Trainee: 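First the structure, then my questions, so here it is.
From a predicted model like this one, the values you see are computed outputs, not experimental measurements. Whatever order the structure lists ligands and atoms in, that order sets their numbers, starting from 1.
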Amino acid sequence: MARSILHVDLDAFFVSAEQAREPSLRGKAVIVGGNPDGRGVVATASYEARVFGVRSGMPLRTAKRLAPDATFVRGDFDLYADLSRHFHAILRDYSPLVESGGLDEAYIDVTGCEAIVGTPSEAAASIRRRVRVELDLPVSVGIAATKVVAKVASDRAKPDGVCEVPAGTEAAFLAPLPLRDLPLLGPSMEARLVQLGVTTLGQLAALPAASLEATFGKHGRFAALRAAGIDPSRVAGGPGEAKSMSREGTFASDVSEPAHLLAVLRGFSESVGAQLRRHGRRARTVTVKVRFEDFSTVSRSVTLDSPANSDDALFAAAAALFEAVRARDHRPVRLIGVGASNLVPDAVQLSLDATAARSQDALSEAVDRVRRKYGRKVIQTGRTAFDRVTGGAAWRHERSLGLSSQIEPTAHD
Ligand SMILES: [Mg+2]
C-alpha cells in the first residue's frame with residue numbers, strides 16, 4: 001500500500017525565531033550566525049538577505065560584504081531548542097511515526113491516520129495552523145509517498161507553503177530539477193555527474209545502472225533510484241524502535257586542534273549517553289565518524305566488552321577510536337560524530353567485576369537528574385566546559401547543527 005509521508009520544515013528557522021521574539025526584524029535582511037567580522041559562518045539568512053546572495057554555511061565576512069545593511073544576530077540556542085521541542089510535540093499529535101531530521105524538520109508517516117487527522121493535506125494544513133498560532137513560525141510541508149520526494153517537495157513549497165506530489169507522478173515531478181535538489185547527493189558526485197553532462201534528476205534517473213555502478217559504486221545506483229523518487233526507507237518513529245543513537249555536528253570552520261576535537265567528542269558522548277539512558281538502552285557498539293575538509297569520511301567502530309550507557313564509557317571508546325583515526329590522518333576536520341548501536345535493554349546483567357562501571361553509571365544518572373531539573377548548564381564536566389574558554393560561538397553552532405544527522409547547514413533553510 002502506498003504510504004502518506006509529510007516532510008515538515010520550519011522556514012529559515014533561526015531567523016523566524018528571532019523575528020517572532022523581535023517583530024521589528026520582520027521583512028528585513030536578517031542573518032543569524034554571530035559577529036560579521038569574526039570567522040564564523042551564516043547559520044540562517046532571511047529570504048530578504050538571500051536576495052543579495054547570502055546563503056547558509058557562507059563565511060559571515062562574505063555575507064557582510066554582500067549585504068552590508070543586514071541585521072546580524074548572534075543566535076540563541078536555548079530559545080531555538082525550546083521552540084524545537086514544542087514543534088516536535090505538535091507533530092507527535094498527528095502520528096506516532098515522527099522521525100526528526102534536526103531541530104527544524106521531521107518526517108511524519110500519516111498512513112492509516114485519516115480517521116483521526118483527515119487526509120494528508122488536511123493534516124498538513126492543521127499542522128501549519130498550529131505552528132503559526134502556538135509558535136508564531138512559518139512552516140512548509142511536502143506530501144508524497146516516499147521520504148525523498150516529500151523532502152524535495154517541502155523545499156519547493158518554501159516559503160510558507162504546501163507541495164503535494166500525487167503517487168505515480170514522482171519521477172515527472174523530480175525530472176526537471178537540478179542535481180543539487182536531491183538530498184544526500186554529495187558535491188563530489190554532483191561535480192562528476194556534471195562532467196558527464198548530467199545536470200537534472202531526470203537525466204540521472206535515466207542513466208544505465210551498470211555504468212553508474214562502475215563509476216560510483218552502489219551509491220550511484222541508489223542515487224539514480226532516488227532521482228526517480230524511489231526510496232524504500234521508512235519513517236523511523238518511536239523510541240522503542242531506535243536501532244542506534246548518534247550525535248554529530250559540522251564545525252563553523254574546520255578544526256585541527258586535538259583538544260578541541262576531543263572536547264566536542266566528550267560533549268557528543270554525553271548527549272548520546274543521555275539519550276540511551278532516557279530510552280533505557282545500552283550500546284554494544286560505539287562508532288566515531290570523522291569528515292575531513294575535502295568531504296572524505298572515515299568511520300571506526302568498536303564492540304565493548306559489556307554494553308554501556310555511561311558518559312565515561314562511551315567517551316573512552318570514542319576517544320580511542322578517534323585517536324586511531326588521527327594517528328593516520330591529521331587533516332583539519334569538518335564534521336565529527338559519535339554513534340551508539342547494537343542496542344540492548346538497560347536491564348542487562350553487569351559482570352561481577354564491573355563495580356567501577358556501575359559507579360560510572362550511577363554518576364551519569366545523577367547528572368541526568370540534576371540537568372533535567374535545573375537545565376544543562378548547571379553541571380558541566382571539565383571538557384564540556386571547554387567551549388567557554390575557546391569560543392562559545394563555534395560550539396553553539398556545532399550544537400545547533402549537531403541535531404541534524406547527515407545534513408549540511410543548508411538544511412536549516
Ligand atoms: Mg528549515
Trainee: Find, among atoms of Asp104 that are N, O or S, the one nearest to the Mg ion (ligand 1), and state its name.
Mentor: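 Nearest to the Mg ion (ligand 1) within Asp104's N, O and S set: OD2.
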Trainee: Is a salt bridge present between Glu18 and Arg21, judged by a nitrogen-to-oxygen distance below 4.0 Å?
Mentor: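 A salt bridge is present here (some side-chain N lies under 4.0 Å from a carboxylate O).
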Trainee: Is any N, O or S atom of Asp9 under 2.8 Å away from the Mg ion (ligand 1)?
Mentor: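 For Asp9, the answer is yes, given that an N, O or S atom comes within less than 2.8 Å of the Mg ion (ligand 1).
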Trainee: Does Arg266 come within less than 4.0 Å of Asp312, counting only side-chain N to carboxylate O?
Mentor: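 A salt bridge links Arg266 with Asp312.
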Trainee: Just checking: Ala12, one of its N/O/S atoms, less than 2.8 Å away from the Mg ion (ligand 1), yes or no?
Mentor: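 Here the distance criterion (N, O or S atom, under 2.8 Å) is not met by Ala12, so no.
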Trainee: Under 4.0 Å between a Lys/Arg side-chain N and an Asp/Glu carboxylate O for Lys147 and Glu99?
Mentor: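 Result for this pair is yes, salt bridge flagged.
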Trainee: When you check the gap from the basic side-chain N to the acidic O, do Glu213 and Arg221 get nearer than 4.0 Å?
Mentor: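 Here Glu213 pairs with Arg221 in a salt bridge, since their nearest N and O are under 4.0 Å apart.
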